[in-house]
Undergrad: 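Here you go, one structure.
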2 protein chains.
Amino acid sequence: MSRKIFVSAKDVADRAGVSRSAVSRTFTPGASVSEETRRRVTEAAEALGYHVNHLARGLMRNESGIVCLIVSELDTPYRASLIRALTGQLQSASKIAMLINTDRSDDSVDQALRQAISYRADASIILSGMPDRSITDLCLKSGQRLVLINRDEDRDGALMINLNDRDAARRSFIALLRAGCRNFAFANSEAMTPSLMAREEGFRAAGREHGLEVTVERFGSTTYQSGAVLAQRLLTREKRPDAIFCVNDLLACGLMDAARHQFNLAIPSELCVVGFDDIEQASWSSYNLTTFAQPVDRIAAEAVAWLDQVTPGEANSRRLEAELVWRGSVRGG
Amino acid sequence: MSRKIFVSAKDVADRAGVSRSAVSRTFTPGASVSEETRRRVTEAAEALGYHVNHLARGLMRNESGIVCLIVSELDTPYRASLIRALTGQLQSASKIAMLINTDRSDDSVDQALRQAISYRADASIILSGMPDRSITDLCLKSGQRLVLINRDEDRDGALMINLNDRDAARRSFIALLRAGCRNFAFANSEAMTPSLMAREEGFRAAGREHGLEVTVERFGSTTYQSGAVLAQRLLTREKRPDAIFCVNDLLACGLMDAARHQFNLAIPSELCVVGFDDIEQASWSSYNLTTFAQPVDRIAAEAVAWLDQVTPGEANSRRLEAELVWRGSVRGG
DNA sequence: CGGCTTGTTGCACTCGCTTGCAAAAATGGG
DNA sequence: CCCATTTTTGCAAGCGAGTGCAACAAGCCG
């Protein structure tokens with residue numbers, strides 16, 4: 001059971017009867033090689049099953065082509081679709097994604113970034129959690145790019161991609177108002193991340209502007225189960241809400257199911273619901289949920305484009321619009 | 001804008017006043033270093049923010065710690081949860097996952113494996129698609145391990161993890177029979193992968209054994225949308241089925257929604273449904289779907305354990321049981 | 001034919017790390 | 001205190017690739 005039977009540039013060179021540099025050059029775009037040698041080298045490489053060792057190349061060039069995706073709970077529909085978009089587009093830009101799972105503990109985001117440094121990743125994209133400033137500084141100092149998606153906090157040197165959450169929330173309020181709703185509620189988790197809070201703020205602010213009260217309830221994390229609990233809390237109130245903006249779709253699904261199956265409410269006639277993310281399930285006919293679409297492809301495109309730039313550039317913050325997707329969980333439309 | 005400001009072992013050595021071998025040894029478990037030098041080295045490393053360069057280490061040791069996950073449509077609930085389990089467990093075994101997305105074309109699985117070779121991945125885990133034999137041979141010859149999950153075909157040298165699909169299908173048939181169903185149908189996609197076909201086979205076989213006819217319908221891919229189409233086809237038949245085994249949960253959700261919303265059928269009183277995978281949505285109260293659970297943690301554990309073995313071993317095939325999860329989409333239970 | 005440009009090639013050094021080997025230091029027993 | 005044994009340490013040789021530099025070949029012009 002021989003182990004290290006990788007074929008190296010040396011082997012190819014020998015077979016092709018050229019120097020090692022020649023084969024190196026054939027695989028380096030824009031290097032000076034004659035047509036003849038190139039042919040002989042590629043031929044030999046083909047025959048031997050040679051592939052440039054990206055580890056060694058990365059070592060020399062001091063850039064590995066690796067981009068770390070740092071994420072927790074990656075089986076959540078929105079996260080998963082973002083990862084799909086990111087990996088796809090990274091590959092088109094001939095980079096490769098390393099996936100770091102930070103489910104375990106909170107400091108594991110920091111751990112993850114250390115891993116990223118160890119593998120000399122060219123960049124890290126953070127989808128969940130928020131690393132210490134000390135560690136992000138270390139990353140930046142190591143020449144690593146940093147992209148923060150929906151994490152809002154300020155980190156200069158990093159690219160921050162956010163949605164216009166406040167505005168989306170306001171538009172949602174207006175839509176619900178037009179649908180004839182009068183008792184507004186906001187169903188939030190206790191996660192309190194900046195983007196979730198921005199949605200809450202925006203919705204409240206819209207309520208104030210229209211002189212209408214907004215009931216806010218927060219519970220657990222942004223899951224289906226929390227949605228059920230929030231339904232319980234909101235729908236048993238003396239003044240039962242007839243419009244609920246849920247901080248994300250998963251939660252909205254749980255809330256709708258509870259509203260229908262436990263409280264026998266008809267949607268949208270007795271209760272209007274709006275969600276956020278536009279996960280696949282939102283389009284399922286059991287939910288048919290009016291929601292705001294996260295522009296996952298745009299997000300991924302912005303991130304990858306920024307990574308492809310030679311100079312980091314200054315305008316390192318992108319605020320994208322969430323598009324309202326009208327479906328049947330709100331009257332009218 | 002200086003680029004390569006990575007701190008190397010040399011830097012640490014200088015600061016700690018030792019040789020560069022000493023610092024290398026401090027970071028190599030089981031190497032001979034005195035307590036004193038180790039202390040000084042770690043101290044200096046800490047101060048400088050040093051991290052072992054895994055690229056260089058991988059180059060020397062000829063093993064990178066990288067495991068490639070090759071997958072398409074990774075935002076599918078089952079896939080996503082498998083990836084989550086795999087990344088988590090790989091990290092616990094101090095390996096790291098590279099995610100390769102093969103959504104684009106069919107030969108991109110081969111492309112992906114080439115990437116794996118280029119990065120000198122220690123192993124590749126294939127969750128979707130089936131690579132050419134030529135390329136798998138190349139992988140194995142390069143000393144790379146290969147794990148195939150739910151891909152069934154024979155590739156010796158690789159670890160194959162499959163479920164006992166036939167048996168699950170048979171158990172499903174019996175459960176439906178006990179529930180009093182008499183008109184059985186199997187809703188399949190046109191994907192025709194071995195594991196999906198094994199479910200169909202198993203279900204049909206069980207039907208034959210009990211002298212009952214099984215209607216089989218196939219359409220599209222294994223998605224929610226296909227489920228709706230299949231409902232359309234199956235529920236408009238002259239002899240309407242009262243029991244449908246769906247090849248996976250996603251499809252089952254689509255079928256149930258169509259059955260309820262378009263055909264006004266009550267589940268389980270007028271129609272019993274069984275799915276496969278036990279994705280999160282199966283437990284949502286709108287579906288409450290009786291289904292077979294993919295033991296994702298077990299699968300991941302088996303894969304990682306095998307990768308951790310020193311010698312590949314011979315019993316390179318695992319057949320796991322899918323556990324039946326009883327919920328409300330089948331009467332009785 | 002000499003001198004020049006242009007294009008190719010190979011040598012040798014470098015990247016950051018591991019590791020065998022031999023020298024040096026520490027330990028212990030008599 | 002000396003010698004044998006065990007640890008610890010540094011040197012130097014790789015791992016597989018990229019690249020500046022100089023040597024060389026070829027081609028062109030006068």
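Just so you know, these numbers use all the heavy atoms, side chains as well, and skip hydrogens, waters and symmetry mates. Because the structure is a prediction, the values reported are computed rather than measured. Letters A, B, ... mirror the listed sequences (proteins, then strands); counts begin at 1.
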Undergrad: Rounding to an integer number of Å, can you tell me how far K10(B) NZ sits from dG10(D) C1'?
TA: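 Value for this atom pair: 13 Å.
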Undergrad: Tell me: CZ of R120(A) to C1' of dG18(D), nearest whole Å?
TA: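 Nearest whole value for this atom pair: 18 Å.
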Undergrad: Give the nucleotide from the list dC15(C), dG10(C), dG10(D) with an atom nearest to the side chain of L59(A).
TA: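 Selected nucleotide: dC15(C).
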Undergrad: Return the set of residues passing ring pair (Phe, Tyr, Trp, His ring centres under 6.0 Å) with Y50(B) (not counting sequence neighbours), or none when no residue passes.
TA: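 Expected list: F27(B).
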Undergrad: Strictly below 4.0 Å, N to O, side chains only: are R40(A) and E43(A) in salt-bridge contact?
TA: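 Answer for the salt bridge query: no.
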Undergrad: Given dT9(D), dT9(C), dT18(C), identify the nucleotide with an atom nearest to the side chain of S32(B).
TA: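 Side chain of S32(B) sits closest to dT9(D).
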Undergrad: Could you tell me how far apart R20(A) (CZ) and dT8(C) (P) are, to the nearest whole angstrom?
TA: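 Whole-Å distance recorded here is 20 Å.
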Undergrad: With the side chain of R25(B) defined as its heavy atoms from C-beta on, choose the nearest nucleotide among dG10(D), dG10(C), dC17(C).
TA: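 The answer is dG10(D), which lies nearest to the side chain.
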Undergrad: Tell me the interatomic distance from M60(A), atom CE, to dG18(D), atom C1', rounded to whole angstroms.
TA: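 Whole-Å distance recorded here is 4 Å.
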Undergrad: Got a sec: does the CG of D308(B) have more than 12 other heavy atoms crowding it under 6.0 Å?
TA: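 Count over threshold, so yes.
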Undergrad: Counting only distance, no hydrogens or angles, is the base of dC11(D) paired donor-acceptor with the side chain of S19(B) under 3.5 Å?
TA: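 Counting by modelled atom types and ignoring angles, no donor-acceptor contact under 3.5 Å is found here.
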Undergrad: Decide if atom CD of E46(A) counts as having more than 12 heavy atoms of other residues, nucleotides or ligands within a radius under 6.0 Å.
TA: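 It does not: E46(A) CD has 12 such atoms or fewer within range.
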Undergrad: Side chain of S8(B) only, please: which of dG18(D), dG16(C), dG10(D) is the nearest?
TA: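 So the side chain of S8(B) is nearest to dG16(C).
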Undergrad: For DNA chain D, which residues of residues 34-57 of chain B approach it to below 4.0 angstrom with any heavy atom?
TA: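 Under 4.0 Å from DNA chain D: S34(B), T37(B).
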Undergrad: Rounded to the nearest angstrom, tell me the gap between atom CZ in F27(B) and atom C1' in dC17(C).
TA: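 Whole-Å distance recorded here is 12 Å.
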Undergrad: Between I299(B) and I161(B), what is the shortest heavy-atom contact and its length?
TA: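 Closest approach of I299(B) to I161(B): O-CD1, 3.7 Å.
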Undergrad: Can you measure from CZ (R155(A)) to OG1 (T136(A)) and round to the nearest 0.5 angstrom?
TA: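 Interatomic distance, R155(A) CZ to T136(A) OG1, rounded to 0.5 Å: 4.5 Å.
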Undergrad: Please report the distance, rounded to the nearest Å, between CZ in F6(B) and C1' in dT14(C).
TA: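 Nearest whole value for this atom pair: 17 Å.
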Undergrad: Please state how far atom CG in N62(B) lies from atom C1' in dT19(C), giving the value in whole angstrom units.
TA: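 After rounding, the reported distance stands at 14 Å.
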Undergrad: Indicate the atoms forming the closest heavy-atom contact of A85(B) with V296(B), along with that distance.
TA: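 That would be CB-O, 4.1 Å.
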Undergrad: For dG18(D), take OP1 and OP2 only and decide whether either is under 4.0 Å from a side-chain N or O of S24(A).
TA: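 Looking at the OP1 and OP2 atoms of dG18(D), one of them is under 4.0 Å from a side-chain N or O of S24(A).
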